[in-house]
Every structure is written in structure tokens, then in C-alpha cells.
Amino acid sequence: MRIYLCSDFQSLIKQSGIGRAMLHQQMALDEQRIPYTTTGEEPYDIIHINTIFPQSHLKAKRARRAGKAVIYHAHSTIEDFRNSYFFANTLAPLFGWWLKKCYQSADLLLTPSDYSKSLIEAYRLEVPIAVISNGIDLTYWRSSEQEQKQFRETYAISPDDKLIISVGHQIKRKGILDFVAMAKALPDYQFIWFGYTDKKLLSKEIVQAVETDLPNLQFPGYIERDSLRVAYQACDLYVFLTHEETEGIVLLEALASKTPTLVRDIPVFNFYKAGETLYKGQTLNDFICYTQKILQGECPPLVENAYKKVSEKSIQRVGEELRKNYLRVLSIKKESTESV
């Protein structure tokens, strides 16, 4: 059994959760000793597609004609396309049509959470769906005190400053407006948002937010994974104010880093119990109040509980689930061929 891990336009997805998910898939297959190719030039039995570009769909069609099993990894939903780029809501119906066309071409769909599965089930596709987390490399998210000290010096954060960070594309759906509002309301704390989006793709409202001039707010743009590894442990609080996710890999990274975490209370995060593994809020006032209480030591630390919970999404478990579902899709393909 050889797998073709397919993701088109690698340079475009490198900085996204899809890029990180494919890295984790490779790690998981290596651990399971499952042979794979990322080019499709070697013979393969299953094409595992992570992107929904036209080239990806054409590869799925060619694979089906050649008798190969097709898996689409459903990272995207109509719901998380909305409120992203300035044209997203206008294009949402067309995006939804294309998404369904791609997903319908699969023998099996994989999606990273029970929540995203429920959304895709509502599309009424005649394709089985399995849930597999995007996974997290628990051994990677560690840093030394010296690295953390250097990180703070790089961003002019003193040892006494309380630092709050968030990570993601600079789009409305990720909660960037609330993040800026928090920085305005809490001038004694430092705020840094890591991530970049071309301003040509952003609404005027978001561009103005990113250009906000505050002494306690920074938008340094995208940073490499190895720098992000240090950022999580150099900060005092990670906030993830996203309005919609299929899972949220950056949240897994923060929890694996044992970083105190505050998120927006949305259905996809029902996997984490509020007040047990992390803190949740629904309004800007909630986020401000929780931030103050967490940083002032009025809320108990939850990082060990959070680490234990996120360990359920380890690369090892992802590999085990991938193996199981690869065998499942080969069985599905065999049955469909025999019935013809």
C-alpha cells in the first residue's frame, strides 16, 4: 500500500493549517512505516488530497479512471470560507458548489473534527466521512529560557511585561477586530499577532485594524515554525478569538506548549471543557475580564490538564487512524469494483 499525499500550490498553503496538516500526515505515515509519495511519480494505491484547487480535482478524476482509491481531506467548509477575505461572502455560493463537487469525487472524506463532520454531512454528499485530527507533534513544542529571553528582546518585550499573542491570517473570521479592541482596552499589557495576509485581499475595516498605531500592539507578520515554537512559551497568554474553525491547529500547538489559553466559545471547541483545559468567552468583555484574571493569577492554571487533553491528538494516534482508514477505503474501492 503506497499513498500519494497530494497538495497543490505548496507555496500558497505553506503558511496555512493545511500546510501544517500535510506535514503531520507525512510524520504519521513515517511512524507507521506506510510508503508514500508527494509527487505522484511513483506507483500508488490511494491518492490522499488536501487541497481543492482545479488541479487537485483533475488528479482525483484521473486517479478514479485508473482504478485508484480517492480520499479528500475536508479541511475546508463553506462556513469557514465566509468572513475571511473581502470577497468571500459574495463568492460563498460558488465556493460551496465547487467544494461539494470536489468532495463528491472521493471514495472517502476525512475531516478533523466532529463539528466539521456535522457541517459536511449537511451538504448531503453520498460519500462516507471519517474524523481524524490534524494532529500535533508533542515533542516539538518546547523552548529554552534563553530562547524565550531572546524572543522577548527581539520584540522589545521586557521581562516584567505581560505578553498576549495570537496566530493566524489577518482576516475577520480569525477574530482580529476583537484582538485589536483588547489591546486598546488593556494598555498595560503587550499584544502581538503573528500571521500575514495580503492587504489586497482584506476589507477596509481589517486593513485599518492591522494599521492600528498603539504602543502595546504589534503585527510583525508571518514567522517560521521554529520561531513560533518559542513564541508560545515566551508569552503569558495565548488567545484564539476565531469565529469558525474545522479544528484549529494553532490551538493544538499552544496547548502542546503548555501555554495558558483563552478561546472564543464556539462549537468546534466543545472537545475542550471550559475551566478544565482552557478558558472560554463569548464577548469582548468576556475576553478582557478573563485576560485580566488569568494574568493576575485569579484563575487556576490549566496547562497540565490541557496538555493531557491535546495528547489525544498525537501524531501517533493520527497515524493509527490513517492506516485504519486507508485500509477501509481500499475495501470500499474493491467492493465497488466487484459490484460493477
Side-chain angles (χ1 to χ4, degrees), residues 16-18 20-21 24 73-84 99 103 109-125 128-136 138 141 166-169 171-176 178-179 232 237-291 293-294 299-315 317-318 320-321 325:
S16 71
I18 295 175
R20 194 84 89 235
H24 292 171
H73 214 117
H75 298 289
S76 301
T77 65
I78 301 168
E79 289 75 11
D80 73 6
F81 181 73
R82 295 192 182 104
N83 295 317
S84 51
L99 197 68
Y103 290 171
L109 290 175
L110 302 180
T111 196
S113 66
D114 290 325
Y115 170 70
S116 57
K117 180 183 179 184
S118 71
L119 296 179
I120 295 167
E121 285 175 335
Y123 302 165
R124 300 182 183 278
L125 306 174
I129 307 170
V131 174
I132 301 180
S133 170
N134 287 313
I136 186 69
L138 296 168
W141 299 97
S166 194
V167 181
H169 288 294
I171 56 178
K172 186 175 182 178
R173 175 173 64 82
K174 295 292 186 179
I176 196 168
D178 280 336
F179 189 80
Y232 285 123
L237 178 65
Y238 173 72
V239 297
F240 195 30
L241 308 182
T242 180
H243 294 269
E244 183 70 30
E245 295 291 323
T246 54
E247 183 177 36
I249 288 182
V250 289
L251 175 58
L252 308 190
E253 293 170 352
L255 299 182
S257 302
K258 297 187 178 182
T259 303
T261 299
L262 171 64
V263 301
R264 190 182 300 275
D265 190 1
I266 55 177
V268 71
F269 297 147
N270 288 346
F271 179 77
Y272 309 97
K273 188 174 180 180
E276 185 175 293
T277 55
L278 43 66
Y279 291 99
K280 298 181 181 182
Q282 295 182 327
T283 66
L284 175 60
N285 188 59
D286 289 342
F287 303 142
I288 292 170
C289 290
Y290 267 120
T291 295
K293 290 181 179 179
I294 293 168
C299 292
L302 307 174
V303 294
E304 294 299 334
N305 289 344
Y307 184 82
K308 183 177 179 181
K309 187 66 174 175
V310 82
S311 296
E312 297 177 23
K313 298 174 179 286
S314 68
I315 293 294
R317 294 197 182 189
V318 170
E320 292 168 355
E321 288 299 311
N325 280 281

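Keep in mind the model is a prediction, meaning the values are calculated, not measured. In what follows, every heavy atom counts, from backbone to side chain, and hydrogens, waters and symmetry copies are set aside.
- Closest approach of Pro112 to Ala74, counting heavy atoms only: CD-O, 3.7 Å.
- Atom CG of residue Leu110 and atom OG of residue Ser133 lie 12.0 Å apart, to the nearest 0.5 angstrom.
- Between the side chain of Ser311 and the backbone N or O of Tyr307, at least one donor-acceptor pair lies under 3.5 Å.
- A distance of 8.0 Å separates CD1 in Ile120 from OG1 in Thr246, rounded to the nearest 0.5 Å.
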So Glu276 and Leu302, side-chain contact (heavy atoms from CB on, under 4.5 Å) or not? Walk me through it.
CA-CA 6 Å; Glu276 185 175 293; Leu302 307 174; 5.7 Å; no

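- Between Lys174 and Glu245 there is a salt bridge, with a side-chain nitrogen of the basic residue lying less than 4.0 Å from a carboxylate oxygen of the acidic one.
- One finds the CG atom of Asp80 at 8.5 Å from the CD1 atom of Ile171 (value rounded to the nearest 0.5 Å).
- Under 4.0 Å is where a charged nitrogen must lie from a carboxylate oxygen, and between Glu244 and Arg82 no such pair does.
- At a threshold of 4.5 Å between non-hydrogen side-chain atoms, the residues Leu237 and Thr259 do not count as touching.
- The heavy-atom pair separating Ser76 from Ile18 by the smallest distance is OG-CD1, 4.5 Å.
- For the pair Leu255 and Tyr232, the minimum side-chain heavy-atom distance is 4.5 Å or more.
- The two residues Tyr279 and Gly275 come nearest to each other via the heavy atoms CE2-CA, 4.2 Å.
- By the 4.5 Å heavy-atom criterion applied to side chains, Phe287 and Val239 are not counted as neighbours.
- For the residue pair Asn134/Glu247, the side-chain donor-acceptor check at 3.5 Å is satisfied.
- Atom CG in Asn305 sits 13.5 Å away from atom OH in Tyr272 (nearest 0.5 Å).
- Scanning all heavy atoms of the two residues, the minimum distance from Ser166 to Tyr238 falls at CA-CE1, 3.8 Å.
- Between Ala21 and His75, the shortest heavy-atom contact is CB-CE1, 3.6 Å.
- Under the 6.0 Å distance and 45° angle rule, Lys309 counts as a cation-pi partner of Phe271.
- Considering NZ of Lys308 and NZ of Lys258, their distance stands at 12.5 Å, rounded to 0.5 Å.
- In this structure, Asn270 contributes its side chain and Pro267 its backbone to a donor-acceptor pair below 3.5 Å.
- A side-chain contact (heavy atoms from CB on, under 4.5 Å) with Val263 holds for exactly one of Leu241, Thr242, Leu278; it is Leu278.
- Taking CD1 of Ile266 as the start and CZ of Arg264 as the end, the distance is 7.5 Å to the nearest 0.5 Å.
- Side-chain contact between Leu251 and Thr261 is present, with heavy atoms from C-beta onward closer than 4.5 Å.
- Summarising the geometry of Gly135 relative to Val318, their closest heavy-atom pair is CA-CG2, 3.5 Å, with the distance given to 0.1 Å.
- Aromatic ring centroids of Tyr103 and Tyr123 lie 6.0 Å or more apart.
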Trace of the side-chain contact (heavy atoms from CB on, under 4.5 Å) decision for Glu253 with Ile249
CA-CA 6 Å; Glu253 293 170 352; Ile249 288 182; 3.6 Å; yes

Carefully, step by step, assess Leu262 and Phe240 under the rule side-chain contact (heavy atoms from CB on, under 4.5 Å).
CA-CA 6 Å; Leu262 171 64; Phe240 195 30; over 6 Å; no

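- With hydrogens and angles left out, the side-chain atoms of Ser116 and Ser113 include a donor and acceptor closer than 3.5 Å.
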